[in-house]
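Proteins get letters first, then strands, A, B, ... in listed order; numbering begins at 1 in each. Everything quoted here is computed from the prediction, not taken from an experiment.
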Amino acid sequence: MYKEPKGLNLSEIDKEILQFWEEHKIFEKSVEQRDADNAYVFYEGPPSANGKPGIHHVMARTIKDIFCRFQSMSGKRVERKGGWDTHGLPIELKVESELGITKEDIGKKISVDDYNKACRETVMRYKDLWDDITRKMGYWVDLDDPYITYKNSYIESVWWLLKQLYDKDMLYKGYTIQPYSPAAGTGLSSHELNMPGAYKDIKDVSAIAQFKVKGTENEYFLAWTTTPWTLPSNTALTVGANIDYVKVDGYNRYTGERTQVILAKDRMAAYFTEANPDLKPEEVKAGNKPIPYIAIVAEMKGSELEGMEYEQLLPYVVPEKPAFKVLVGDFVTTEDGTGIVHTAPTFGADDFRIAQKYDIPPLMVKDEFGNPGPLVDKQGRFVEEVTDFAGRYVKDYGQEEERSVDEDIVIKLKQENKLFHSEKYVHSYPHCWRTDRPVLYYPLDSWFIKASSAKDRMFELNKTINWKPASTGEGRFGKWLENLQDWNLSRSRYWGIPLPIWRTEDGRQAKCIGSVEDLGKEIEKANAALGLDQTVPADLHRPYIDEITLVADDGTLMKRELDLIDVWFDSGSMPYAQWHYPFENQEKFKNSFPADFIAEGVDQTRGWFYTLHAIATMVFDSVAYKNVVSNGLVLDKDGRKMSKRLGNAVDPFETIKNYGADATRWYMISNAQPWDNLKFDLDGIDEVRRKFFGTLYNTYSFFALYANIDKFEYKEAEVPLDQRPEIDRWIISLLNTLVKEVGAEYANYEPTNATRKVMNFVDAHLSNWYVRLCRRRFWRGDYTEDKIAAYQTLYTCLSTIAKLMAPVSPFFSDWLYRNLNEATAKENHESVHLADFPKADEALIDKALEQRMDYAQRISSLVLSLRKKERMRVRQPLQKILLPVLDEDFQKQVEGVKDLVLAEVNIKEIEYLSDTTGILKKRIKPNFKTLGRRLGKNMKAAAQIIGKMGQEDIAQIESTNSYQLSINGDTYELTVDDFEITTDDIPGWQVANDGPLTVALDVTITDELLAEGMARELVNRIQNIRKSKDFNVTDNISVQLERHAEVTPAVEQFGDYIKAETLATSLELVDTVENGEELELPDEVKVNIKVKQLT
RNA sequence: AGUCUCGUAGCUCAGCCGGUUAGAGCGCUACACUGAUAAUGUAGAGGUCGGCGGUUCAAGUCCGCCCGAGACUACCA
């Protein structure tokens, strides 16, 4: 027996199937039944369980699940080791806020030990919720034995990787310009800088300084700054290559000295009024307003300025290499300032980079160990070398001063004829969120991976990766690789993987530890040298690891560099660290690297996708993954980002509970390409449920209803295909085409196309054509071979569809598959997920047949539309339709499906109209594809000429297969192929067209047709009565009907037909019906009838 | 600011190498059908294919610029 549930309830199916999977270990079996030598390697990008799962996680995981399931069904062994990302700033910040502490309190109010314990507890806080959503959404991943990034074994593998890089000389200590809070004494992450309220409007003194061009008396570059305190650190000026610059002759407004200043032409208007050859110095000393000038004495492009030298503005410190040159940079604009950018490599990120590019040194002073540092110390004060301002804070850090350093510097510049202009300037400036004091951009020590040296190789290897979509790989990712900077590994935090590097205090000697064993050996050495009793800590995290002291080869004490490493390195290490490679599982690793497939959100492009790729390239000279799908964002239905604040976040648990996991998954995949952003609309899920799952469910229950009545259990031998009716062969052909295409789409990482094709098949072909046209085969007559063929055909379709849809909708497909298979035991798989993905049988694909049926569908549709136009009920049989014949083959094709069409539209015959009848009217159009290329400019004229052709011209072209076309003196020899000739009108008839198809309908109704029409009406009414009286489908009846001029002929001529259709054993015409009911028939005919149930 | 994606009917999306009536589903309206019935069919309304310019005989499709939405990265001297 097939199950016949009362209605479609996807949530119930979810529950039932989940229980089944768990009880029968279907996931485990689906992996284990496949050969280990035939693996498809998947890497799970580790989520962080310290936040609740969102609907976008359902999206990302659906994509992962689809391809793993597909490959698994296709015969691959697909192990899916789960993982958890456990380190990182978000976790630390969460713990800080829950404990009500700040970073400064760590190690003071709370020990590092306790703090890290708190992190470790927090990090898995929502693990249960994650496990729950994983289960409910049907995502198959092994969560019993996941990799966890805080485990010692994981850390050890990461250390090993770092050691490989260290040995390749790819780890170095340098500095970068980072946001730094002198008040808090700590660097700030970009996350902290983006906290609300961090940027505040403040009023600063801005200055335009005059940098004297080397070798001139009075020529100056003008450069603007809002941070005059960085001027002593200036070592370069930067201009834009294509910006126009001018040299302006005039006077300094403060000193009255004659000067020639260089600035961007576009910025002139901001500082100068008009030219005045007779200008006096007094006229410019009036104040801060724009001033007049004498004349523009020269113009040049920025590129012409490149390499020019100037004199140091404030010579407190001498640079170690040649400096004070004009550079060209692409970041220069003329929106503010002078179009010339003051460049201080120690205090600006742009400055740092451009200076590096030109080998311009930063201004540095040496500390007690001879290590270089900037002119401002970590408290935000000028170092003593800056004599005039030594010890003064460069920004407001609570000191009470009459004038700021900026103001004093401006005064000094004024006095020395080095200032062009100064004014107060309001701008938004970042502040430390803890101390509320201004942030400085400050050079901070960091450990780097020399990723830039592997840039070319990464770029090369990237070309071998199959990106979905391709543009992310070539564009976003490729461009990023092209401009790759070194990877800043350092994080000054507590909860993360400690950098395994120990250094001597002077920084001259260092050791990188690559394993626990190494560490043990080094500890022994140190113990011996220093007389200590250290052991390898049980937990490799801080603070225990910090307590370990090692010794250099010459016996000097070494301390661990206190940094942690970037968490992105953690997750990028997972291909190795998940197996504790190389300390364990060498074989396992070898068989699972690189991955065949990974998938994450597009926001991981420069995150996980990059770190995986970078580490694999640098350490193993290999890609880490061969195929990668990056999905877009899940937005709300209006296209806005989902957020708690807006209250538009969709709860994945609610959604799955209300709509079922399958409808949710199917909607997400079918609605838009996964790499496009998804506007997530619950109504869309509902539509998918009704339209697709509802239709498929209806088809199944239709099948189940009749198969149960007939006890069809697929026990009979397969009816040979050539003995099945055309329509069976057609749907089987289409099914095989579908199998072929859907398999290819999955294999090609195109899930959206796969789902759309399945939907189209189920809706347009299987349900609305095959089942609709074949209904009678299921309900009528005996258990004949034709009926068995129908059952077998529909069964095959349903069972195959279950397999095709299984990767996307694992629950419903399994429900469907098992309902079918349990009744027939046709296959020995207990779940669809243990079955093999169908393979198309090319021999069953009959393109001519598909074409034929397509004609049938389209002709039927045209006839129905004509009936509609003519107000002809479908129940009223009509004599014939007229069909112009396109070519001989066409007529043959249509003949093949004639019966289907005639039955479908209730017509008696098709009359073919060929040319010879002479009543067709043809239309001619040029074939633009063939002609356009040949005619070129004459195409337009040709189209006009061809458009004006009459029936005779067309007839001639068709008979002679040639035409001479002359345009503007050129003559072209054309053949029939150069035209598109169609028949779209039959004079005197109502016609309908669809592309090349044209149909006319004969609406003449003879008495006999009328009687037959009435007979059909009667059948319909009697059936309604049967139904309204709840008769059994198999009950026989007897019928009494009143005589009536319109009704009597129908009963007389078509009585047997009526009886057969309604299972009536008798049909009597009587003068009056006792206790009957009134029937309303077309044309206002009313008669009484009595229907009796016979048992 | 750079890089990338997207912009086609009220909504969600197709539209292949450029080729002449720009499609589907949903929604809406009307009609039909009724042994799949909380299903189905047919028809109608609804489009300056984001804008401007270019290439071409021909542009929704190729190129450039601009506008709008979004993502990432960097930053504002």
> Any idea how A:His342 and A:Phe211 line up, ring-wise: parallel (<30°), tilted (30 to 60°), or perpendicular (>60°)?
Replying inline: parallel

>> Need to verify one output field. Residue with the more 5' nearest nucleotide on RNA chain B, A:Arg1021 or A:Asp351?
In response: A:Arg1021

> Closest nucleotide of RNA chain B for A:Arg775 versus for A:Thr226: which of these residues is on the 5' side?
Replying inline: A:Arg775

>> Of the options B:U12, B:A36, B:U73, whose atoms approach the side-chain atoms of A:Trp480 most closely?
In response: B:U73

Under 3.5 Å between N/O atoms: give me all the protein pairs with nucleotides 67-70 of chain B, atom names plus distance.
residue	atom	partner	partner atom	Å
B:G70	O2'	A:Asn677	ND2	3.3

>> Across nucleotides 14-21 of chain B, 5' to 3', mark each nucleotide with B, S or - according to how protein heavy atoms within less than 4.0 Å reach it.
In response: S----BBS

>> Using O4'-C1'-N9-C4 for purines and O4'-C1'-N1-C2 for pyrimidines, with syn meaning within 90° of 0, is B:C4 syn or anti?
In response: anti

>> List the residues meeting salt bridge (Lys or Arg N to Asp or Glu O under 4.0 Å) with A:Lys3, not counting sequence neighbours, and say none if there are none.
In response: A:Glu16

>> Using whole Å, what does the distance between atom P of nucleotide B:A24 and atom CZ of A:Phe761 come to?
In response: 21 Å

> What do you reckon, are the aromatic ring centroids of A:Tyr610 and A:Trp568 less than 6.0 Å apart?
Replying inline: no

> According to a strict under-4.0 Å criterion, is A:Lys691 in side-chain N/O contact with OP1 or OP2 of B:C26?
Replying inline: yes

>> Looking at every heavy atom in both A:Gly1013 and A:Pro877, which two are closest together, and how far apart are they?
In response: CA-CD, 3.3 Å

> Which dot-bracket string fits RNA chain B when only Watson-Crick or G-U wobble pairs with both atom distances under 3.5 Å count, crossing pairs get [ ], and | stands for a partner on a different strand?
Replying inline: (((((((..((((.....[...)))).(((((.......))))).....(((((..]....))))))))))))....

>> By the 4.0 Å heavy-atom rule, please label A:Asn1020 as base, sugar-phosphate, or nothing.
In response: sugar-phosphate

>> Whole angstroms only, please: what is the CG-P distance between A:Asn698 and B:G41?
In response: 12 Å

>> Would you say that A:Val771 contacts A:Phe703 through its side chain, given a criterion of any heavy-atom pair below 4.5 Å between the two side chains?
In response: no

> Base, sugar-phosphate alone, or nothing: which one does A:Ser865 contact when heavy atoms must sit under 4.0 Å apart?
Replying inline: sugar-phosphate

> Is the shortest distance from a Lys or Arg side-chain nitrogen in A:Arg756 or A:Glu745 to a carboxylate oxygen in the other one below 4.0 Å?
Replying inline: no

>> So A:Leu794 and A:Phe778, do their side chains get closer than 4.5 Å, heavy atoms only?
In response: yes

>> With a cut-off of less than 4.0 Å, is there a side-chain N or O of A:Arg873 near OP1 or OP2 of B:A32?
In response: no

>> Within the 3.5 Å criterion, strictly below it, is a donor on A:Asn938 or A:Tyr972 matched to an acceptor on the partner's side chain?
In response: yes

> A:Asp710: what forms a salt bridge (Lys or Arg N to Asp or Glu O under 4.0 Å) with it, not counting sequence neighbours?
Replying inline: A:Lys787

>> Within residues 762-774 of chain A, which residues have any heavy atom lying less than 4.0 Å from an atom of RNA chain B?
In response: A:Ser767, A:Asn768, A:Val771, A:Arg772

>> In the structure I gave you, are the side-chain heavy atoms of A:Arg1016 and A:Gln876 within less than 4.5 Å of one another anywhere?
In response: no

> Which of the following nucleotides, B:G27, B:G25, B:U42, is nearest to the side chain of A:Glu687?
Replying inline: B:G25

> If you look at every heavy atom in A:Tyr1057 and A:Val1019, which pair is closest and at what distance?
Replying inline: CE2-CG2, 3.8 Å

>> Are A:Phe609 and A:Phe477 an aromatic pair, judged by ring center distance below 6.0 Å?
In response: no

> If you measure from OG on A:Ser452 to CG on A:Leu481, what distance do you get to the nearest 0.5 Å?
Replying inline: 12.0 Å

